[in-house]
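Inspection log for the structure reproduced underneath, given as structure tokens.
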Amino acid sequence: MRLSHIARIAAVAAAMVLTATACGEQANLGSSAAPAPSVAQGVSFPAGTTMARLNEAGTLRVGTKFDQPLFGLRGLDGNPVGFDVEIAKIIAGKLGIPADGVTYTETPTRIREDTIANNQVDVVVATYTINAARKERVSFAGPYYVAGQDLMVASGNTTITGPDSLRAANARVCSVSGSTPAKNIEKYVDPANIVLFDVYSKCADALRNGQVEAVTTDNVILLGLVDSSQGAFKLVGQQFTEEPYGVGIAKGDVAFCQFINQTLQEAAADGSYQAAWAATAGKVQPEAPTLPPADACS
Ligand code: GLU
């Protein structure tokens, strides 16, 4: 049973490679169908700003997730695809940087502040909830989306119906260290039943293997994992927090924050924000979100 499943996966993978070869060397299995964001030509920015420096360099270093379908998932060409990646490309475009000037670094949940503070990336766009504790080390532009925490369980599970059902079910619940969902779930589950990994794909593996009964994080992250589970998982569908996603930047860079907020507003007005959604998360959740009002930059 298991072997035949593995054989099927291998056959599909082989077919994908064959298709790629048939399409020639330019085949790019990892790319999304998102239209390339427009690239500002001949723009100039006030001297000394982050925008001027990045425009001059022609490169934007982006921290994002590599294992989260719909938001940031590394494709076979090595580059990630997803809504977060498209947001990063829109920002790059307004800086006069084309998509091939964007470089990606994997930033799992717990290392995001460090990666910004150590100047390893210029922005982190990585399902990154804006909150006060994080604002002590980094600044945020946005929000550009508001998610909410939910639960994912095996599709046959009928006992877990929301966070309040977890204790009675004696459920082991998986999340990621340093995440807001890992913290929020503490009031619903005994500490011994909370299992933490560094990335959500490991939680999905643990659920598949029966090592935990539930995975908790933002609904849209779980939707991506459900979508790629071939029917094995389902979303419980009881959102119990609000998770406003921001673009993490160096602490105190108010001008860069304002520039990103302006960029997001223009993208919502010209349709590129909605197109980015449609090409990524929109495949599972068709209705495009409305850009939330920006927070004040600080
Ligand atoms: N949005 C939540 C957070 O920033 C969960 C998603 C994640 O771990 O990236 O902690």
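Read the numbers this way: they start at 1 and go in the same order the structure lists the ligands and their atoms. In what follows, residues are counted from 1 in the order of the sequence shown. As a basis for the values below, the full set of heavy atoms in this structure was taken, side chains included, without hydrogen atoms, waters or symmetry mates. This one's a predicted model, so the numbers in the text were calculated from it and none came from an experiment.
Remark: Asp218 pairs with no residue by the salt bridge (charged side-chain N to carboxylate O under 4.0 Å, His left out) rule, at least two apart or across chains. Applying the salt bridge (charged side-chain N to carboxylate O under 4.0 Å, His left out) criterion to Asp114, with sequence neighbours excluded, gives Arg137.
Salt bridge Asp205/Lys202: absent, no basic N to carboxylate O contact under 4.0 Å. Residues Arg74 and Asp67 are not paired through a salt bridge, judged by the lack of any N-O separation under 4.0 Å between the basic side chain and the carboxylate.
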Could you list the donor-acceptor pairs under 3.5 angstrom formed by side chains in residues 123-131, with sequence neighbours left out?
| from | atom 1 | to | atom 2 | distance (Å) |
| --- | --- | --- | --- | --- |
| Thr127 | OG1 | Gln68 | NE2 | 3.2 |
| Tyr128 | OH | Glu113 | OE2 | 2.5 |
| Thr129 | OG1 | Glu243 | OE1 | 2.8 |
| Asn131 | OD1 | Ala133 | N | 3.4 |
| Asn131 | OD1 | Arg134 | N | 2.9 |

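A distance limit of 4.0 angstrom between heavy atoms and ligand 1 selects the residues Lys65, Thr109, Arg112, Ala126, Thr127, Tyr128, Thr129, Arg134, Ser179, Thr180, Pro181, Tyr200, Thr217, Asp218, Ile221, Tyr245.
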*asked:* Set out, in order, the CA-CA distance, both residues' side-chain angles and the distance that settles side-chain hydrogen bond (donor to acceptor under 3.5 Å, both in side chains) for Asp84 and Tyr144, then state yes or no.
replied: CA-CA 10 Å; Asp84 282 339; Tyr144 60 91; 2.5 Å; yes
